[in-house]
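Some notes on the structure that comes next.
All values derive from a computational prediction rather than experimental measurement. Start at 1 and go down the list; that is how both ligands and their atoms are numbered.
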Amino acid sequence: MENGAAKPVIVAIDGPSGTGKSSTSKAVAAQLGLSYLDTGAQYRAITWWMVTNGIDLEDPSAIAAVAGKPEIVSGTDPANPTISVDGTDVAGPIRTHEVTAQVSAVSAVPEVRARITELQRSLAASAESGIVVEGRDIGTTVLPDADLKIFLTASAEARAARRSGELKGADVNATREALIKRDAADSSRKTSPLAKADDAVEVDTTELTLAQVIECVVTLVEEKRAGK
Ligand code: DC
């Protein structure tokens, strides 16, 4: 660009659970002065609303019928990301075991995905300096024209160990089984499954520290901005 401010940069970071997506995305956004969006939190928030309102989660048509009802608002400051449903702060409740166990079923419903995808696109379009958006289908479906697409992977063992650490004292084997089950459901659903975009850069984080992953992604964004 001539003289003016740098063009907003859109970074899509996808991958399964426990690959360090959230920690990496937040840190990259903070370091580069970009907004940050955790799309998993949005799917968890709509799931929390369905659970709280007694919606039959075995019935996709019941989920679809009310998908437009809750108002989900995401705060995109990487230093203080927030999530609310109908004005209630749900940052804590969306991390409960109950929501985690149900989120794949809710997020597989096309009407839910259409609703949440629209929110994601509008947040990305309004981010002045640019945004790091993390999820499962960002590079493939939500923002196919992103400037940079990253796909984070790690062995199932490494992912389970990281998640158990986060959940303090959780059993590693049980966490590993639950992760594998959720990833299988997220990868095999019909509507925009967890998938690597053809033009995504794959980063295997199994043997890397978080600091190394962050540095790698920051370098990739800077190279993009410099037009390399
Ligand atoms: O990243 P997370 O574990 O908080 O995501 C919770 C769930 O939300 C995950 O199991 C699948 C779903 N999800 C999705 O379907 N698409 C996204 N872009 C992000 C998350």
Side-chain angles (χ1 to χ4, degrees), residues 10-26 29 36-51 57 60 63-64 67 70 72 74 76 78 81-83 85 90-124 131-144 146 149-154 156 158-160 162-167 170 175-197 200 205:
I10 307 274
V11 181
I13 303 192
D14 291 300
S17 330
T19 49
K21 271 195 322 280
S22 292
S23 312
T24 304
S25 305
K26 234 181 288 179
Y36 159 73
L37 177 62
D38 173 0
T39 64
Q42 297 176 305
Y43 285 103
R44 287 172 179 272
I46 198 165
T47 302
W48 173 85
W49 183 89
M50 301 264 169
V51 169
L57 301 182
I63 297 173
I72 295 165
S74 301
T76 58
T82 57
I83 180 91
V85 180
V90 292
I94 62 168
R95 304 286 161 194
T96 58
H97 177 71
E98 189 180 18
V99 168
T100 302
Q102 305 285 3
V103 64
S104 291
V106 173
S107 62
V109 175
E111 287 79 359
V112 168
R113 298 206 74 80
R115 172 92 201 292
I116 301 286
T117 297
E118 193 186 313
L119 282 178
Q120 293 161 355
R121 288 182 179 149
S122 104
L123 284 167
I131 190 165
V132 179
V133 184
E134 61 141 311
R136 303 291 192 291
D137 62 336
I138 309 306
T140 53
T141 306
V142 178
L143 301 167
K149 301 178 186 178
I150 308 280
F151 195 79
L152 295 183
T153 61
R159 298 193 291 114
R162 288 172 191 164
R163 265 295 144 94
S164 315
E166 280 168 17
L167 301 174
T175 304
R176 183 170 174 275
E177 293 316 308
L179 268 182
I180 290 172
K181 197 169 150 214
R182 191 148 63 92
D183 290 342
D186 295 340
S187 304
S188 62
R189 66 167 176 247
K190 280 209 185 98
T191 311
S192 55
L194 161 65
K196 176 180 171 294
T205 69

Ligand 1 to [X] polar contact by distance, N or O atoms, under 3.5 Å:
X: Arg182; answer: yes
X: Thr39; answer: yes
X: Arg189; answer: yes
X: Arg113; answer: yes
X: Asp38; answer: no
X: Asp137; answer: yes

Tell me: protein heavy atom nearest [atom], and distance?
atom: atom 2 (P) of ligand 1; result: Arg136 NH2, 3.6 Å
atom: atom 20 (C) of ligand 1; result: Gly40 CA, 3.6 Å
atom: atom 11 (C) of ligand 1; result: Asp186 OD2, 3.2 Å
atom: atom 12 (C) of ligand 1; result: Ser107 OG, 3.7 Å
atom: atom 4 (O) of ligand 1; result: Arg44 NE, 2.7 Å

Check: Does Arg163 pair with Asp183 as a salt bridge, N-O distance under 4.0 Å?
Finding: no

Checklist line | Proximity of Arg95 to ligand 1 by residue part, where a heavy atom lies under 4.0 Å | finding: side chain

Would you give the length of the straight line joining atom [atom1] of [X] to atom [atom2] of [Y], rounded to the nearest 0.5 angstrom?
X: Ser25; Y: Leu152; atom1: OG; atom2: CG; result: 7.0 Å
X: Leu179; Y: Lys181; atom1: CG; atom2: NZ; result: 12.0 Å
X: Ile138; Y: Leu37; atom1: CD1; atom2: CG; result: 7.0 Å
X: Arg115; Y: Gln42; atom1: CZ; atom2: CD; result: 10.0 Å

Note to self: Determine whether Arg44 and Thr100 satisfy the following criterion, side chain to side chain donor-acceptor pair (under 3.5 Å), listing intermediate values before the conclusion.
What the structure shows: CA-CA 7 Å; Arg44 287 172 179 272; Thr100 302; 3.0 Å; yes

Margin query: Need the ligand 1 atom indices (1-based, order shown) with element for anything under 4.0 Å from a heavy-atom of Tyr43.
Written below: 8 (O), 13 (N), 14 (C), 16 (N), 17 (C), 18 (N), 19 (C), 20 (C)

Item checked: Ligand-side contact atoms (ligand 1) for residue partner Gly135, heavy atom cut-off under 4.0 Å -> 18 (N), 19 (C)

Next item on the list: With the side chain counted from C-beta on, respond yes when Arg189 and Arg113 share a heavy-atom pair under 4.5 Å apart, and no when they do not.
Entry: yes

Checklist line | Ile72 vs Ile116 side-chain heavy atoms within contact, under 4.5 Å | finding: yes

Next item on the list: Looking only at non-hydrogen atoms, find the nearest pair between Ala184 and Ser188 and report the distance.
Entry: O-OG, 2.8 Å

